[in-house]
Amino acid sequence: SSCQRTTHIKPLSFSTTNRGAVHQERRQQLKTNTMSSRTFGCQLPGALHAGLKAAKKSENPGPKRQQALLDRSVFWKQIQREKKLEALMHKYDVTKTGNLTKEELGDLLQDAAKGRRPTEEELNFVLWTTHPKTGDDANRGDRITKNEIATALDVWRTWEQTLPEVEPLMAKYDVNHSGKLEFEQLKNMLTDLNEGRALPDEEVEWVMKAADGMVQGVAPSGGINITELKGAIALWMTHVEEGQHAGPRSCRIC
């Protein structure tokens with residue numbers, strides 16, 4: 001609230017002959033200022049020394065106040081989130097279309113990965129995994145809206161966490177460096193994961209057909225590429241033939 005009254009301490013003359021009177025008058029003025037501060041609720045001279053404090057926060061707020069405080073917190077977090085998304089869109093939307101193109105999304109993900117630019121396959125994976133998560137079916141394609149940025153970054157971070165698990169497998173079994181595991185390579189990998197026990201060709205063929213092209217935005221290639229690899233292993237680990245009731249297999253990366 002604003003203060004309607006201003007109190008001033010008038011200058012006092014001081015000499016050795018009226019020292020006692022000066023001190024008494026000064027004390028009276030400070031007392032008057034303190035009373036004015038309490039009356040008007042504003043910071044008058046001496047108010048900070050008068051012991052005035054803000055009301056103490058309740059230690060046991062009722063349900064309605066608790067909900068009001070929670071709603072306030074959520075509101076301000078949402079405001080901060082919107083500001084961050086707007087800042088990201090302003091920085092990376094160099095074409096000023098209001099969306100991030102695939103190239104612009106690549107710039108964003110590259111910065112998020114501290115310099116490692118996503119491959120074309122990884123960009124498609126992020127794009128086509130993000131759209132269903134946000135429910136933005138009308139925007140399916142090679143663009144990301146402002147509201148999808150956070151989800152796209154979450155998908156990218158999750159993929160980056162998965163890479164240390166699948167990259168060594170791809171490097172070990174993709175012996176011809178084709179960028180995918182073909183039938184015999186996939187069979188060798190699954191056999192090793194099965195502790196050396198050979199798998200029937202029919203089971204490997206089933207995994208190949210189920211996993212190849214399983215990632216939206218990644219076309220079937222006749223093999224298992226790196227974005228499909230972990231899904232292929234998960235399919236095989238949990239696959240049980242009709243009529244079987246075997247427990248799940250164990251795997252160090254699943």
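Numbering starts at 1 and runs along the sequence shown.
To the nearest 0.5 Å, the span separating CG on Leu199 from CD on Glu205 amounts to 13.0 Å. Atom CZ of residue Arg116 and atom CG of residue Leu163 lie 5.5 Å apart, to the nearest 0.5 angstrom. To the nearest 0.5 Å, the span separating CG on Leu123 from OG1 on Thr119 amounts to 7.0 Å. Here CE of Met208 is found 13.0 Å from CD of Glu203. Values are rounded to the nearest 0.5 Å. Atom CG of Asn124 is separated from atom CG of Asp142 by 9.0 Å, given to the nearest 0.5 angstrom. Between Leu108 atom CG and Met89 atom CE the span is 9.5 Å, to the nearest 0.5 Å.
Considering all non-hydrogen atoms of both residues, Val207 and Trp236 come closest at CG2-CB, 3.9 Å. Of all the heavy atoms in Lys96 and His90, the pair that sits closest is NZ-O, 3.5 Å. The two atoms that bring Ala150 and Leu85 nearest to each other are N-CD2, 4.1 Å, heavy atoms only. Nearest heavy atoms, Glu160 versus Ala113: OE2-CB, 3.1 Å. The shortest heavy-atom contact between Leu235 and Trp206 is O-CZ3, 3.9 Å. Counting all heavy atoms, side chain and backbone alike, Ala211 lies closest to Ala232 at CB-CB, 3.6 Å.
Formation of a donor-acceptor pair under 3.5 Å by the Asp212 side chain with backbone atoms of Ser221 is found in this model. The backbone N or O of Thr158 lies less than 3.5 Å from a partner atom in the side chain of Thr162, making a donor-acceptor pair. Side-chain atoms of Asn194 never come within 3.5 Å of backbone atoms of Ala198 as a donor-acceptor pair (strictly under, hydrogens ignored). Between the side chain of Glu104 and the backbone N or O of Thr101, at least one donor-acceptor pair lies under 3.5 Å. Using modelled atom types, one side-chain atom of Asn225 and one backbone atom of Thr227 make a donor-acceptor pair closer than 3.5 Å.
Residues Glu122 and Trp156 have side chains that never bring a donor and an acceptor to within less than 3.5 angstrom of each other. No hydrogens or angles considered: nothing links the side chains of Thr130 and Glu148 as a donor-acceptor pair under 3.5 Å.
Under the 4.5 Å side-chain criterion, counting only non-hydrogen atoms from C-beta, Met189 is not in contact with Asp192. Residues Leu153 and Leu109 form a side-chain contact, since some pair of their non-hydrogen atoms from C-beta on lies under 4.5 Å apart. You'll find the side chain of Met170 stays beyond 4.5 Å of the side chain of Val166, heavy atoms only. Residues Gln185 and Ile224 fail the side-chain proximity criterion, which asks for heavy atoms closer than 4.5 Å. Between Lys172 and Pro168, the closest side-chain pair of non-hydrogen atoms is not below 4.5 Å. Side chains of Leu186 and Glu182 form no contact here, defined as non-hydrogen atoms less than 4.5 Å apart. Between Phe183 and Val204, some side-chain heavy-atom pair lies under the 4.5 Å cut-off. Residues Val155 and Phe125 are in side-chain contact: their nearest non-hydrogen atoms beyond the backbone lie under 4.5 Å apart.
Glu184 pairs by the salt bridge (Lys or Arg N to Asp or Glu O under 4.0 Å) definition with nothing, not counting sequence neighbours.
Enclosure of atom NZ in Lys77 is not indicated, since only 12 or fewer non-hydrogen atoms of other residues, nucleotides or ligands lie within 6.0 angstrom.
Using a 4.0 Å cut-off between charged nitrogen and carboxylate oxygen, Lys91 and Asp107 do not count as a salt-bridge pair. Using a 4.0 Å cut-off between charged nitrogen and carboxylate oxygen, Arg157 and Asp154 count as a salt-bridge pair. Ionic pairing of Lys180 and Glu228 is not present here: no N-O contact between side-chain nitrogen and carboxylate oxygen is shorter than 4.0 angstrom. A salt bridge links Lys187 to Asp201: at least one charged side-chain nitrogen sits closer than 4.0 Å to a carboxylate oxygen.
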* To do: Begin with the C-alpha distance, continue with both residues' side-chain angles, and end with the deciding distance and a verdict on side chain to side chain contact (heavy atoms under 4.5 Å, CB included) for Glu121 and Ile226.
  => CA-CA 9 Å; Glu121 181 182 317; Ile226 194 168; 3.6 Å; yes
* Before giving the answer on side-chain hydrogen bond (donor to acceptor under 3.5 Å, both in side chains), spell out for Asn99 and Lys146 the whole-Å C-alpha distance, their side-chain angles and the decisive distance to 0.1 Å. => CA-CA 7 Å; Asn99 298 303; Lys146 182 187 76 173; over 6 Å; no
* Asked: Can you list the steps and then say if Lys84 with Ile149 is a side chain to side chain contact (heavy atoms under 4.5 Å, CB included)?
  -> CA-CA 10 Å; Lys84 290 179 181 178; Ile149 289 177; over 6 Å; no
* Report the C-alpha distance between Leu70 and Gln67 in whole Å, list the side-chain angles of each, state the deciding distance to 0.1 Å, and finish with yes or no for side chain to side chain contact (heavy atoms under 4.5 Å, CB included). => CA-CA 5 Å; Leu70 178 61; Gln67 185 60 48; 4.1 Å; yes
* Asked: Does the pair Leu169 and Lys230 meet the rule for a side chain to side chain contact (heavy atoms under 4.5 Å, CB included), with working shown?
  -> CA-CA 10 Å; Leu169 294 174; Lys230 190 169 184 180; over 6 Å; no
